[in-house]
Protein chains: 2
Amino acid sequence: MAATIKDIAKQTGLGLATISSYLNGGNVREKNRVKIEAAIEELHFEVNEVARGLKTNKTKIIGIIIPELNNIFCAEIITEVEDLLRSHGYATMICDCRTDERREEEAVEFLLHRRVDGLIIMPSGRSGKYLEKFTKAGKPVVLIDRKLKDIDCDSVLVDNEGAAEDAVNRLLKAGHTRIGMIAGPKDIYTAQERYSGYCKALEQAGIRPDAKLAAWGNYTIEGGADAMKELVRENPDMTAVFVSNYEMTMGAIIQINELGIRIPEELSFIGFDNVEFAKASIPKLSIVTQPTKEIARNVSELMLGRLEEAEEAERKEYETVRLTTSFVEGRSVL
Amino acid sequence: MAATIKDIAKQTGLGLATISSYLNGGNVREKNRVKIEAAIEELHFEVNEVARGLKTNKTKIIGIIIPELNNIFCAEIITEVEDLLRSHGYATMICDCRTDERREEEAVEFLLHRRVDGLIIMPSGRSGKYLEKFTKAGKPVVLIDRKLKDIDCDSVLVDNEGAAEDAVNRLLKAGHTRIGMIAGPKDIYTAQERYSGYCKALEQAGIRPDAKLAAWGNYTIEGGADAMKELVRENPDMTAVFVSNYEMTMGAIIQINELGIRIPEELSFIGFDNVEFAKASIPKLSIVTQPTKEIARNVSELMLGRLEEAEEAERKEYETVRLTTSFVEGRSVL
DNA sequence: CTGAAAGCGCTAACAA
DNA sequence: TTGTTAGCGCTTTCAG
């Protein structure tokens with residue numbers, strides 16, 4: 001069995017409090033410090049964070065709920081968040097919910113039982129009702145990428161509408177008028193925002209958005225491919241397309257190859273995220289990219305901040321950070 | 001403050017043991033069951049897994065240490081493992097170590113303090129010395145994708161050598177003799193295996209492996225691009241290339257586009273992993289793919305099995321599962 | 001089947 | 001500074 005502070009106390013002849021104090025950076029007489037360190041070394045003592053957690057009512061664990069770890073956008077953010085939190089002593093417990101709201105609710109329950117100190121979530125639904133238990137317990141919740149009704153908390157978003165608007169404007173400027181869009185699931189916040197950016201750009205150019213030109217994918221590769229196929233079938237006059245996430249961008253490209261359509265001669269193309277993929281394509285794709293590192297940094301800082309402030313008395317107003325996207329020029333627009 | 005079983009006991013007038021028994025699926029008189037459930041509902045009771053963990057000395061948490069969550073091969077496996085373990089009541093604590101051995105050792109320590117019940121690891125180094133603390137504590141360790149010296153435990157691998165050999169044989173059969181390879185880091189197990197498969201195939205065909213034709217990348221996109229550049233520069237007579245992981249495959253393709261080399265006319269190409277990317281490329285890439293789901297399933301089952309068996313007396317011999325890869329035919333070999 | 005009591009390893013008053 | 005003591009919320013004997 002592993003050694004406990006009791007063993008250390010016995011070995012050194014000191015009291016429990018002294019050992020505990022040493023462990024928590026308190027002041028200990030030099031002579032005793034040496035003794036304690038020797039005992040720790042000798043008995044291979046390792047603090048038991050579980051016991052500590054029970055006592056302090058803080059587990060130093062942050063729960064993370066995401067729709068899909070396989071989604072590169074998620075993965076990039078999570079790696080970074082995990083790194084930042086761990087460097088502050090926090091472990092993360094990640095739950096991949098496969099874009100399933102029911103599973104998300106289960107995950108919330110799961111993490112609640114495990115008494116995580118805070119929750120970072122990229123939610124699939126529209127309402128944050130099921131997060132109440134967290135906020136009521138005084139535990140911080142930080143939303144990534146999507147906004148939720150029925151809940152007060154911090155969130156970090158990107159300017160989805162602006163990003164889509166900008167992309168479509170570029171296509172308009174290149175002279176296109178029949179511009180298709182592969183949008184995300186209708187019930188997802190970001191997808192709606194991006195779609196509305198698309199519409200806004202068209203309207204500003206005096207073009208009425210045509211329902212036939214919008215295909216609703218499901219943020220997956222397959223969904224992107226299907227949507228692309230539909231778009232091409234329904235719109236022989238379409239000369240450009242804007243795809244609104246990475247997985248669907250890849251799917252669309254696969255489909256375009258399948259159909260033998262040439263980019264940009266026959267179809268101008270603007271995709272989303274993953275600069276590397278854009279560079280690996282022929283021709284290089286023009287894409288909208290999101291600042292994943294910056295998102296991660298903001299999320300972590302917000303979380304860490306709330307965690308600290310829980311110690312203190314007052315809390316600051318909830319923040320909504322909105323970051324801007326970038327555009328990476330390729331050769332897919334003509 | 002959250003309700004505890006004490007509160008439930010008080011509310012129902014029952015003893016602590018009864019509540020605990022109910023919570024753990026024991027037999028409780030029907031009448032009391034109803035009472036308990038009502039109290040739980042009313043007081044919003046949620047079991048505290050931390051306290052439970054302290055008492056039972058089991059946290060129901062599995063630590064996972066990987067080199068890079070951003071690496072799609074890792075991400076695919078981890079998603080699946082996480083899913084399987086969670087469905088058995090286990091949470092996962094993931095540590096991304098950025099292919100850094102020092103960070104891996106820190107992660108081991110980190111997870112040890114948190115008293116995880118088992119460890120799943122895709123190690124960067126060659127020795128498993130630093131995992132001793134785990135095995136000594138009687139906690140199961142399962143290795144993914146790489147084998148380690150100085151440690152006895154289960155592992156799940158793929159037949160790397162065979163996969164590389166097969167790929168190179170295909171190039172040989174197509175008539176190539178000057179075949180390049182972009183290998184992974186020399187100190188990584190899988191990289192060595194794949195390189196040795198490459199050599200084996202050549203030797204069997206009576207060709208002496210030429211050091212100039214082997215470029216050692218670092219399993220990243222950038223590394224793949226650099227290696228490709230070097231290979232082309234040093235070997236004007238090279239007519240085919242085999243790339244040994246996904247990230248480097250993408251990097252190589254980016255570089256090939258950059259250099260304006262045409263596949264397969266000027267260069268035949270076989271890549272690794274990620275069928276989707278292979279399909280999205282022009283022409284479609286021929287690739288070796290690894291069975292990530294199957295790896296995940298094996299890893300989870302091995303871990304779950306060990307966890308159970310810890311309850312019982314004896315333990316089975318350590319297993320090494322070796323899975324086979326597949327080959328997906330594209331149009332990149334001529 | 002149920003109640004009482006002990007204790008998992010740690011922290012945090014409080015005294016000394 | 002250091003020692004003593006009392007729990008954190010749960011499981012688990014052991015009686016009843």
Distance test, side-chain N/O of B:Thr18 to OP1/OP2 of C:dG3, below 4.0 Å: yes

Determine: side-chain N/O of A:Asn24 to OP1/OP2 of C:dT11, distance under 4.0 Å, yes or no. yes

Length of the line joining A:Leu43:CG and C:dG9:P, which is rounded to integer Å: 14 Å

Going by atom types alone, do A:Ser124 and A:Glu101 pair a side-chain donor with an acceptor below 3.5 Å? no

Would you say the side chains of A:Thr79 and B:Asp96 form a donor-acceptor pair under 3.5 Å? no

Given atom CD1 of B:Ile36 and atom P of C:dC1, what is their separation to the nearest angstrom? 12 Å

Between A:Asp154 (side chain only) and A:Val142 (backbone N and O only), is there a donor and an acceptor less than 3.5 Å apart? no

Could you tell me how far apart B:Lys60 (NZ) and D:dT11 (C1') are, to the nearest whole angstrom? 15 Å

Gap between atoms CD1 and P, on A:Ile19 and D:dT1 respectively (whole Å): 16 Å

Does NZ or CZ of A:Lys60 come closer than 6.0 Å to the centre of the six-membered ring of A:Tyr90, within 45° of the ring's axis? yes

Look at the side chain of B:Lys55 and the base of D:dG9, then say whether one donor and one acceptor between them are separated by less than 3.5 Å. no

Between atom CZ in B:Arg52 and atom C1' in D:dC8, what is the gap in whole Å? 16 Å

Out of C:dA12, D:dG3, D:dT13, which has the shortest distance to the side chain of B:Ala17? D:dT13

Quick one: label B:Ser20 by what it contacts on the DNA or RNA (base, sugar-phosphate, nothing), any heavy atom closer than 4.0 Å. base

Phosphate-side-chain proximity, A:Lys31 and D:dT1, N/O vs OP1/OP2 below 4.0 Å: no

Are B:Glu46 and A:His113 linked by a side-chain donor-acceptor pair shorter than 3.5 Å? yes

What is the distance, to the nearest angstrom, from the CG atom on B:Leu54 to the C1' atom on C:dG9? 6 Å

With a cut-off of less than 4.0 Å, is there a side-chain N or O of A:Asn48 near OP1 or OP2 of C:dC10? no

Tell me what B:Val50 touches on the nucleic acid: a base, only sugar-phosphate, or nothing, going by heavy atoms under 4.0 Å. nothing

Measure from the side-chain heavy atoms of B:Leu16 and tell me the nearest of D:dT11, C:dT11, D:dC8. D:dT11

Rounded interatomic separation in angstrom, taking CD1 from A:Ile5 and P from C:dC10: 5 Å

Is A:Asn32 close enough to D:dT1 that one of its side-chain N or O atoms is under 4.0 Å from OP1 or OP2 there? no

Nearest-Å distance for atom pair CZ/P, residues A:Phe45 and C:dC10: 4 Å

Closer than 4.0 Å, any side-chain N/O of A:Arg29 to the OP1 or OP2 of D:dT2? yes

First of B:Arg115 and B:Leu14 reached from the 5' end of DNA chain C, by closest nucleotide: B:Leu14

No-hydrogen, no-angle side-chain donor-acceptor test under 3.5 Å, B:Tyr22 and B:Thr12: no

Could you tell me whether A:Tyr22 contacts a base, only the sugar-phosphate backbone, or nothing, with contacts defined as non-hydrogen atoms closer than 4.0 Å? nothing

